[in-house]
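One structure below.
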There are 2 protein chains.
Amino acid sequence: MRSYGQYCALAKALDVVGDRWSLLIVRELLIRGGCRYTDLRDGLPGIATNLLADRVRHLEECGVVRREEAPPPIAASLFHLTARGAELEAALRALGRWGAPLLSTAPERDTFRAHWLALPAAEWLRDHSPESPPVRLEIRMGGTSVIMLIGAGNVAYCPVVSDAPDAVLSGKRRVVLGLLAGKLDLAQARAAGLHYQGDPQVLRRVQPLAVE
Amino acid sequence: MRSYGQYCALAKALDVVGDRWSLLIVRELLIRGGCRYTDLRDGLPGIATNLLADRVRHLEECGVVRREEAPPPIAASLFHLTARGAELEAALRALGRWGAPLLSTAPERDTFRAHWLALPAAEWLRDHSPESPPVRLEIRMGGTSVIMLIGAGNVAYCPVVSDAPDAVLSGKRRVVLGLLAGKLDLAQARAAGLHYQGDPQVLRRVQPLAVE
DNA sequence: CGGCATCCTCTTTGATACTG
DNA sequence: CAGTATCAAAGAGGATGCCG
């Protein structure tokens, strides 16, 4: 993108991350950490592969993204955020909070990846038993899933591991989101088609107070 | 811009304000309040007039901007942020904070409008004498100026009024910014070409502690 | 003058195909 | 796997025209 050429902090930020797709690339790296090129592409449905290459290169030049060349065993290089890139988290969260109400009118055909829930879920959920041993909650929607690690007072994205999580939540977008955001309690969500298997304590441990 | 089509709060926010120029339009309205079309154009050097019309219309449709039709005496309609639009302030500030370090390497030919300083200045400066009567500080750089109103513990943008401010600060971008951001104290800034006229108390009242 | 709409050119995007 | 190459379509930027 051509620079705005304005001596203004916001315009300078947009010169770096204001291109189409750029902030979504940062979202992917912020949530998932190191990503291969194909991981990024899978997390950004709709992006053209040449654009992804262009954007990543630009973000690299601007000091937002760092490329880690393949350690010999693996045949893939990994992309990470730099420290400077990770500082975009506050701006990303603020924009996400602003955009969250728009999800209620989103068309059904929107693509979806469960790991996109990691940032909002970490805001909506609380670990109400910080002293208890950590547990893992899997959330499944629209064919994908994400595992959140709950422990030590935090709720965080958990890269996929092989053994079973302590509880699994699944259902339609609206219902899962309603439950996570505290607009529905478990009974209401179940009535609307939500499935919950596993340790009932897990949900109670993180559930926000039902509002309204 | 075409929608990302992603069921993600960040992507939905970008569907609304992710177009080129959109967030800068929000910046203008956030700082200056009601603006005529030509005020907007003047605050957005480089924008094509058809693009400005397109963007404003889109923001209106999305509930971010409200158009106030001309009250009979005046021959101009005014654009405002809606309440929902004003909620973008947190995201705007976060992006601006992230972009501020980039100003130190900005090319000299960047365009400039002093009112763009209003948001960062309100973050950098503090009213250390909230009980004193309010005073006005004018900041002049690059041919434009902005007046900040200091009082009641706040530092805020002040629409231009006719009578003289209590103090006037002027000089080159770097120096004024260095002083406002607390990287230079008054003596250092003066040595670097800063001019300060008027009540010396005004600057002392708001100046951040010199850092580093 | 304020608030656009039109026309034109140039750049960017999106979709697909192809390569080391 | 990690891109590059190609190309049609959409969007941006600049100039200018129009209308109350």
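Chain A is the first sequence line, chain B the second, and so forth, proteins listed ahead of strands; every chain is numbered from 1.
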- Message: So, applying side-chain contact (heavy atoms from CB on, under 4.5 Å) with B/Arg140, which one of B/Val168, B/Val176, B/Ile147, B/Val146 is it?
- Response: B/Val168
- OP1 or OP2 of C/dT12 under 4.0 Å from side-chain N/O of A/Arg55: no
- Query: Of all the nucleotides listed (C/dG3, D/dA12, C/dT13), which has the minimum atom distance to the side chain of A/Leu51?
  - Reply: C/dT13
- Query: Could you give the OH-to-P distance, from B/Tyr37 to D/dC19, as a whole number of Å?
  - Reply: 17 Å
- Query: Does a side-chain N or O from B/Thr49 land closer than 4.0 Å to OP1 or OP2 of C/dA5, or not?
  - Reply: no
- Contact under 4.0 Å: A/Trp21 side-chain N or O vs C/dG14 OP1/OP2: yes
- Query: Of all the choices, C/dC4, C/dG2, C/dT6, which nucleotide is nearest to the side chain of B/Arg57 once you look at every atom?
  - Reply: C/dC4
- Query: Which of parallel (below 30°), tilted (30 to 60°) and perpendicular (above 60°) describes A/Phe79 and A/Tyr37?
  - Reply: tilted
- Note on the structure: Taking for A/Arg67 and for B/Gly46 the nucleotide of DNA chain D with the nearest heavy atom, the one nearer the 5' end belongs to A/Arg67
- Item | Atom-pair distance (CG on A/Asp54; C1' on D/dG3), nearest Å | 11 Å
- Query: How long is the line joining CG of B/Leu52 and P of D/dA15, in whole Å?
  - Reply: 16 Å
- Message: In this structure, how many angstroms lie between the P atom of C/dG3 and the CZ atom of B/Phe79, rounded?
- Response: 6 Å
- Task: Apply salt bridge (charged side-chain N to carboxylate O under 4.0 Å, His left out) to the pair A/Asp110 and B/Lys12, showing each step before the final yes or no.
- Result: CA-CA 10 Å; A/Asp110 276 358; B/Lys12 289 296 169 203; 2.7 Å; yes
- Task: Report yes if some heavy atom in the side chain of B/Arg27 is under 4.5 Å from a heavy atom in the side chain of A/Cys8; otherwise report no.
- Result: yes
- Query: How long is the line joining CG of A/Asn50 and C1' of D/dT6, in whole Å?
  - Reply: 10 Å
- Side-chain N or O of B/Arg2 less than 4.0 angstrom from OP1 or OP2 on C/dA15? yes
- 5′-ward residue of the pair A/Ala48/A/Met1 relative to DNA chain C: A/Met1
- Between D/dG3 atom C1' and A/Leu44 atom CG, what is the distance in whole Å? 15 Å
- Can you find a side chain N or O atom of A/Arg20 that sits less than 4.0 Å from OP1 or OP2 on C/dG14? yes
- Task: Report yes or no: is the cationic atom of B/Arg20 (NZ for Lys, CZ for Arg) closer than 6.0 Å to the six-membered ring centre of A/Tyr4, at no more than 45° off its axis?
- Result: yes
- Query: Side-chain N or O of B/Thr38 less than 4.0 angstrom from OP1 or OP2 on C/dG2?
  - Reply: yes
- Note on the structure: Between CG of B/Leu78 and P of C/dG2 the distance, given in whole Å, is 12 Å
